[in-house]
Amino acid sequence: MRKKGSTMNKKGLILLSGGLDSTLAAKILLEQGIELEAINFLTCFCTCTKKGCRNEATKVSEKFGLKLKILNVTKEYLEVIQNPKHGYGRNLNPCLDCRIFMFKKAKEYMKEIGASFIVTGEVLGERPMSQRPNAIAIIERESGLKGAIVRPLSAKHFEPSTPEKEGIIERDKLLDIQGRSRKQQIGLAQHYNITDYPCPAGGCLLTDPGFASRARDLLRYNTFSMDNILLLKVGRHFRLNPKDKLVVGRNEEENERILAMARPADMLFEPKDIPGPVGLLRGEGNSSEILTFSSSIIARYSDSKKETVIIYRRYPQDEKIEVAVLPAEETVLQKVRL
């Protein structure tokens with residue numbers, strides 16, 4: 001029962017990824033009659049599905065009748081990745097700083113819509129870096145949301161939030177899930193007839209060792225920009241020198257994506273008269289040595305095993321130059337491959 005004199009209302013803002021945990025958190029509170037709006041943070045690092053978390057959050061919101069705010073925070077988030085106060089996880093994932101950043105953004109929107117608290121699908125101990133007790137305490141404190149975060153799946157492992165203390169949310173109906181097993185969540189999903197969930201709790205490219213290694217290369221050479229990050233998602237990558245990097249397509253789809261991501265002054269490469277990859281050289285790329293070396297790498301991944309004619313041009317110009325090169329040796333590629 002709600003306490004007299006409560007300063008809070010029954011409206012909450014849920015951080016909704018569209019994964020299983022946040023979906024269940026929403027369902028549990030909706031059953032208590034809590035009014036919810038949802039927010040989904042969009043970045044280029046989500047790996048839930050090919051369509052991204054935005055698509056999944058939209059489906060869940062429509063199913064539950066929630067108003068959904070989708071906020072693209074990629075540009076701001078790049079600053080978090082470059083300068084994380086609390087450091088990285090195993091790869092390039094600044095999980096604590098990421099959560100603090102997201103919660104601060106959610107707090108701003110919470111005030112805008114007149115909500116009193118934040119709801120998340122967090123489960124104690126599920127994620128090794130950001131869901132440990134001390135990490136959760138840091139995130140809550142530094143985001144300025146102490147007491148204002150409700151975690152329906154793990155609430156009984158924490159001190160009651162303010163909405164619980166004030167009787168707005170019935171604590172007895174919240175859960176005590178903890179750990180990395182998803183057995184209880186899957187059981188709840190069956191109970192609520194929730195079947196169409198893409199991944200249990202989301203995913204992030206920054207936790208992938210290969211992607212993180214390529215991203216570190218951008219940081220090392222001060223080229224950590226949106227254009228360069230998007231290019232990390234396709235092709236084979238070669239660091240030729242501190243100022244030049246080559247990306248080589250692995251199939252027709254990647255060739256088309258690389259061409260679409262070319263920007264003025266990039267050099268584009270492709271074999272003449274035989275099937276092979278598209279290459280994109282980004283940097284200075286002015287020396288004949290670099291242009292010939294890049295051409296030899298393109299030849300290495302073409303259908304030819306002998307001397308090959310490679311065509312290159314500076315985008316968006318149409319003037320083409322031809323050069324005959326031998327395919328690069330694998331021992332050479334090993335030294336520059338990312």
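Just so you know, these numbers come straight off a predicted model, no measurement behind them.
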Would you check, one step at a time, whether the test side-chain contact (heavy atoms from CB on, under 4.5 Å) holds for E164 with L174? CA-CA 10 Å; E164 294 166 62; L174 304 183; 3.7 Å; yes
Test side-chain hydrogen bond (donor to acceptor under 3.5 Å, both in side chains) on N55 and T58 and set out the steps. CA-CA 5 Å; N55 181 66; T58 299; over 6 Å; no
Would you please test V150 and I118 for side-chain contact (heavy atoms from CB on, under 4.5 Å) and show each step? CA-CA 6 Å; V150 180; I118 300 290; over 6 Å; no
Evaluate the criterion side-chain contact (heavy atoms from CB on, under 4.5 Å) for residue pair F117 and I34; output intermediate values, then yes/no. CA-CA 11 Å; F117 52 91; I34 299 299; 3.8 Å; yes
Given the rule in the side-chain hydrogen bond (donor to acceptor under 3.5 Å, both in side chains) test, do T331 and Q334 qualify, once you have shown the distances and angles that lead to the verdict? CA-CA 5 Å; T331 54; Q334 289 175 2; over 6 Å; no
Residue pair E76, K105: steps toward the salt bridge (Lys or Arg N to Asp or Glu O under 4.0 Å) verdict: CA-CA 11 Å; E76 294 174 83; K105 287 291 181 184; 2.6 Å; yes
Test salt bridge (Lys or Arg N to Asp or Glu O under 4.0 Å) applied to E322 and K272, step by step: CA-CA 8 Å; E322 297 184 5; K272 181 181 181 181; 2.9 Å; yes
Between Q184 and Q178, does a side-chain hydrogen bond (donor to acceptor under 3.5 Å, both in side chains) hold up when you go through it step by step? CA-CA 9 Å; Q184 287 179 270; Q178 67 173 324; over 6 Å; no
Decide yes or no on side-chain contact (heavy atoms from CB on, under 4.5 Å) for L268 and Y312, but give the supporting numbers first. CA-CA 5 Å; L268 295 174; Y312 62 83; over 6 Å; no
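Remark: the backbone N or O of T120 is not paired with any side-chain donor or acceptor of R151 at under 3.5 angstrom. Checking side-chain atoms of S154 against main-chain N and O of D176 turns up no donor-acceptor pair under 3.5 Å. Looking only at distances, no side-chain donor or acceptor of S213 sits under 3.5 Å from a matching main-chain atom of G210. At distances below 3.5 Å, at least one donor-acceptor pair connects side-chain atoms of T162 with backbone N or O atoms of G147. No donor-acceptor pair under 3.5 Å is formed between the side chain of T308 and the backbone N or O of S304. Counting only distance, with no hydrogens or angles, the side chain of N72 and the backbone of T74 share a donor-acceptor pair below 3.5 Å. With hydrogens and angles ignored, the 3.5 Å screen pairs a side-chain donor or acceptor of E254 with a backbone N or O of G235. N40 contributes a side-chain N or O that, together with a main-chain N or O of L16, makes up a donor-acceptor pair within less than 3.5 Å. The backbone N or O of V123 sits nowhere less than 3.5 Å from a side-chain atom of H157 that would complete a donor-acceptor pair. Between the T292 side chain and the E289 main chain, no donor and acceptor come within less than 3.5 Å of each other.
Side chains of D21 and L153 form a contact here, defined as non-hydrogen atoms less than 4.5 Å apart. Within the 4.5 Å cutoff, the side chain of K27 has no heavy atoms near those of the H191 side chain. Residues L124 and I136 are in side-chain contact: their nearest non-hydrogen atoms beyond the backbone lie under 4.5 Å apart. No side-chain heavy atom of D208 sits less than 4.5 Å from a side-chain heavy atom of N91. Put simply, the side chain of E56 does not reach to within 4.5 Å of the side chain of V60, judged on heavy atoms. V323 places none of its side-chain heavy atoms less than 4.5 Å from the side chain of V309. Using a 4.5 Å cut-off on side-chain heavy atoms (C-beta onward), L232 and D217 make no contact. When side chains are defined from C-beta on, L280 does not count as touching M267, because their heavy atoms never get closer than 4.5 Å.
E319 has no carboxylate O lying under 4.0 Å from a charged side-chain N of R313, or vice versa, which leaves the two without a salt bridge. With salt bridges taken as basic N to acidic carboxylate O contacts below 4.0 Å, one links R300 and E330. Here E142 pairs with K85 in a salt bridge; the nearest charged N to carboxylate O distance falls below 4.0 Å. Taking 4.0 Å as the cut-off between side-chain N and carboxylate O, K11 and E37 count as a salt-bridged pair. Salt-bridge check for K59 with E62: failed, with every basic side-chain N at 4.0 Å or more from each acidic carboxylate O. Classification of K243 and E284 as a salt-bridged pair holds, one side-chain N sitting under 4.0 Å from a carboxylate O. Between E170 and K173 there is a salt bridge, since at least one side-chain N of the basic residue sits less than 4.0 Å from a carboxylate O of the acidic one.
There is no path of hydrophobic side-chain contacts, each under 4.5 Å, that joins F224 to L231. A chain of hydrophobic side-chain contacts below 4.5 Å, direct or via other Ile, Leu, Val, Met, Phe, Trp or Tyr residues, connects I100 to I39. Clustering ILVMFWY residues whenever any of their side-chain heavy atoms sit less than 4.5 angstrom apart, transitively, puts V332 in a cluster other than the one holding L326. The hydrophobic cluster containing Y221 does not contain L219, counting ILVMFWY residues as joined when their side-chain heavy atoms lie under 4.5 angstrom apart, directly or transitively. In the hydrophobic cluster analysis, where Ile, Leu, Val, Met, Phe, Trp and Tyr join through side-chain heavy atoms closer than 4.5 angstrom, F41 is grouped apart from L230.
F45 and Y77 have perpendicular rings, their planes meeting at more than 60° on a 0 to 90° scale where under 30° would count as parallel.
Within 6.0 Å of NZ in K146 there are 12 or fewer heavy atoms belonging to other residues, nucleotides or ligands. Within a 6.0 Å radius of NZ in K63, other residues, nucleotides and ligands contribute more than 12 heavy atoms. More than 12 non-hydrogen atoms from other residues, nucleotides or ligands lie less than 6.0 angstrom from CD of Q82.
Taking the ring centre of Y315 as origin, the terminal cationic atom of R263 falls outside the region bounded by 6.0 Å and 45° from the ring axis.
The OG atom of S296 sits 10.5 Å away from atom OH of Y301, with the distance rounded to the nearest 0.5 Å. The distance from atom CD1 of I258 to atom CD of E270, rounded to the nearest 0.5 Å, is 11.5 Å. Going from atom CG of L20 over to atom CG of L188 covers 8.0 Å, rounded to the nearest 0.5 Å. Here the CD1 atom belonging to I28 is positioned 11.0 Å from the OG1 atom belonging to T23, to the nearest 0.5 angstrom. In this structure, CD1 on I139 lies 11.5 Å from CE on M102, to the nearest 0.5 angstrom. Note: L281 CG to F269 CZ = 5.0 Å, rounded to the nearest 0.5 Å.
Screening R220, K245, R337, R214 against R239 for a side chain to side chain contact (heavy atoms under 4.5 Å, CB included) leaves a single residue, K245. Remark: of the listed residues D227, D244, D266, D266 is the sole one forming a salt bridge (Lys or Arg N to Asp or Glu O under 4.0 Å) with R282.
Judged purely by distance below 3.5 Å, without hydrogens or angles, the side chains of N286 and R314 pair a donor atom with an acceptor atom.
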Taking distance alone, no hydrogens or angles, what donor-acceptor pairs closer than 3.5 Å link side-chain atoms of residues 108-116 to residues at least two apart or in another chain?
| unit_1 | atom_1 | unit_2 | atom_2 | d |
| --- | --- | --- | --- | --- |
| S116 | OG | N9 | N | 2.9 |
| S116 | OG | N9 | OD1 | 2.9 |
| S116 | OG | N9 | ND2 | 3.4 |

